Trainee: 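Just dropping this structure here.
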Amino acid sequence: MGKLETIQTLKAEKLVAVIRGANFEEVNQMVDAIYKGGIHLMEITFTIPQADQVIAKIKEANADKVDMVVGAGTVMDIVSARLAILAGAAFIVCPHFDKEIIKLCNLYQVPCFPGAVSVKEIADALQYGADIIKLFPGELYGPKAIKAFHGPLPQAQFMPTGGVSAENLKDWLDQGAIAVGLGGSLTKGAKTGDFKAVEAEAKKLVEIVRSYCG
C-alpha cells in the first residue's frame, strides 16, 4: 500500500488502534481481536520490546489480510523510524515533532503523523511535509482544541490520541478530527486476557463511525 492509499484509508476508516503489549504473542492476540471487530489500522508502539521485529512478525502473520495496515507508533528518534520502515511499517506516528523523522519518512514516501500541541509546532510540522498532525495527549486539550487550531491553520488535519473513547468519539469528529487513535479504551480487556471484550469494543467504535458517516 502506497503513501496516498494509506492516508486515504485512514481518512475513510477514521480509527487507528494504538497497541502496546509485552511481546509478539500478546500484541498478535490484540491485533486479531481488533481486526475481527472491524478496525484495520494497527499502530504498533515502540514501547514494545524489539518493536521493529514485532511489526515484521505481525505483517507476516497477517499477510492474508490485505486490508490490514500496520504502522509504528511512539517513534522517538530517527533510528527507530528507520527500523520501523525497514520492518514494513506503512506509517509512522510520533508523540512529538522531529524534523529529521519527517524528512526520513518523506525520503521513503511513508506517511508521518507527528505530535504537536501549539500553533508553532503545527506550522513547523506542516512546513516539513507532515501529512496529519497527532494531537497528543488529546484528553488535556479536548475536542474544541481542533476548532481553535483551525482558526490560524485551517489546512491542518488532526488525529487526536489519548483519552479518545466510544463515549467522546463523535465529539472529536464533530470538531473536525479526520481520524482518531484509540489505545487504553480499546484494549483494556487485554489486561485480563479478555480479547472478546477488545473485539466488542472495536465493533462498537466501527458502528459509531459508520453511523456518523451515514
Side-chain angles (χ1 to χ4, degrees), residues 1-115 125 128-134 136 157 159 161 178-183 186-187 190 195 198-199 202:
M1 184 177 289
K3 178 177 181 177
L4 182 58
E5 189 179 358
T6 298
I7 294 173
Q8 288 174 335
T9 299
L10 182 142
K11 289 182 178 180
E13 301 200 8
K14 300 191 179 304
L15 302 172
V16 179
V18 181
I19 301 171
R20 305 180 189 279
N23 49 48
F24 164 74
E25 287 73 21
E26 183 181 9
V27 170
N28 196 43
Q29 284 182 289
M30 280 190 269
V31 167
D32 184 61
I34 291 164
Y35 183 84
K36 286 178 179 176
I39 296 177
H40 300 137
L41 291 107
M42 311 290 174
E43 179 185 324
I44 310 301
T45 65
F46 262 71
T47 56
I48 300 166
Q50 299 177 316
D52 58 317
Q53 296 179 33
V54 173
I55 289 169
K57 288 180 181 179
I58 289 293
K59 287 179 65 67
E60 182 180 1
N62 297 279
D64 60 320
K65 300 178 178 68
V66 295
D67 54 354
M68 182 184 289
V69 185
V70 180
T74 320
V75 177
M76 298 296 298
D77 54 67
I78 193 170
V79 174
S80 299
R82 180 167 169 77
L83 286 171
I85 292 170
L86 292 176
F91 59 88
I92 301 293
V93 184
C94 311
H96 66 311
F97 166 65
D98 184 321
K99 65 182 181 181
E100 297 304 325
I101 294 177
I102 296 178
K103 285 162 65 176
L104 179 75
C105 290
N106 288 340
L107 176 65
Y108 286 96
Q109 284 294 284
V110 173
C112 183
F113 313 140
Y128 276 93
D131 301 289
I132 294 165
I133 304 299
K134 173 182 176 176
F136 175 80
Q157 300 183 97
M159 180 177 71
T161 304
I178 60 103
V180 299
L182 295 132
L186 170 60
T187 62
F195 293 98
V198 177
E199 180 181 343

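Everything numeric in this text was worked out from a predicted model, so none of it was measured.
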Trainee: Would you call L182 and L15 a side-chain contact if the rule is heavy atoms closer than 4.5 Å?
Mentor: yes

Trainee: Check A33 against F195 and note the closest heavy-atom contact, atom names and distance.
Mentor: CB-O, 3.4 Å

Trainee: Would you indicate whether the side-chain heavy atoms of T45 and V93 approach each other to under 4.5 Å?
Mentor: no

Trainee: For K103, what residues pass the side-chain contact (heavy atoms from CB on, under 4.5 Å) criterion, not counting sequence neighbours?
Mentor: E100, Y128

Trainee: To the nearest 0.5 Å, what is the distance between NZ (K14) and CD1 (I39)?
Mentor: 14.0 Å

Trainee: Take atom CD of E60 as the centre, draw a 6.0 Å sphere, and report whether it contains more than 12 heavy atoms from other residues, nucleotides or ligands.
Mentor: no

Trainee: Is the shortest heavy-atom distance from the side chain of I101 to the side chain of P114 under 4.5 Å?
Mentor: no

Trainee: Which atom names give the shortest non-hydrogen contact between P95 and K134, and what distance separates them?
Mentor: CA-NZ, 4.3 Å

Trainee: Just jot down the salt bridge (Lys or Arg N to Asp or Glu O under 4.0 Å) partners of D32, sequence neighbours excluded, or say none.
Mentor: K36

Trainee: Quick one: OG1 on T74 to CD on E43, what's the gap to the nearest 0.5 Å?
Mentor: 6.0 Å

Trainee: Could you measure the distance from the CD1 atom of I132 to the CZ atom of F113? Nearest 0.5 Å is fine.
Mentor: 4.0 Å

Trainee: Applying side chain to side chain contact (heavy atoms under 4.5 Å, CB included) to V31 and I44, what does each step give before you reach the verdict?
Mentor: CA-CA 9 Å; V31 167; I44 310 301; 4.2 Å; yes

Trainee: Rounded to the nearest 0.5 Å, what separates atom CG in N23 from atom CD in Q29?
Mentor: 9.0 Å

Trainee: Taking C-beta and beyond as the side chain, do I133 and F97 meet within less than 4.5 Å on heavy atoms?
Mentor: no

Trainee: For N106, is there any backbone N or O sitting under 3.5 Å from a side-chain donor or acceptor partner on Q109?
Mentor: yes

Trainee: Does the side chain of K57 come within less than 4.5 Å of N28's, by heavy atoms?
Mentor: no

Trainee: Working to the nearest 0.5 angstrom, can you tell me the gap between K65 NZ and I58 CD1?
Mentor: 9.5 Å

Trainee: Of the non-hydrogen atoms in L10 and A179, which two are nearest, and what is the gap between them?
Mentor: CD2-CB, 3.3 Å

Trainee: Would a 4.5 Å heavy-atom cut-off, applied to side chains only, mark N62 and M42 as touching?
Mentor: no

Trainee: Please tell me if the side chains of F91 and V16 come closer than 4.5 Å, counting only heavy atoms from C-beta onward.
Mentor: yes

Trainee: Please report the closest heavy-atom contact between I92 and A84, naming both atoms and the distance.
Mentor: CD1-CB, 3.7 Å

Trainee: Quick check: closest heavy atoms across G21 and P49, and the distance to 0.1 Å?
Mentor: O-CD, 4.1 Å

Trainee: With the side chain counted from C-beta on, respond yes when R20 and T187 share a heavy-atom pair under 4.5 Å apart, and no when they do not.
Mentor: no

Trainee: Taking H40 for its side chain and V69 for its backbone only, find out whether a donor-acceptor pair lies under 3.5 Å.
Mentor: no

Trainee: Got more than 12 heavy atoms from elsewhere within 6.0 Å of NZ, K99?
Mentor: no

Trainee: Can you name the closest pair of heavy atoms from A190 and V198 and give their distance?
Mentor: N-CG2, 3.6 Å

Trainee: Measuring from atom CG of L186 to atom CD1 of I34, what distance do you get when rounded to the nearest 0.5 angstrom?
Mentor: 4.5 Å

Trainee: For R82 and Y108, run side chain to side chain contact (heavy atoms under 4.5 Å, CB included): C-alpha distance rounded to whole Å, both residues' side-chain angles, the deciding distance at 0.1 Å, then the answer.
Mentor: CA-CA 9 Å; R82 180 167 169 77; Y108 286 96; 2.4 Å; yes

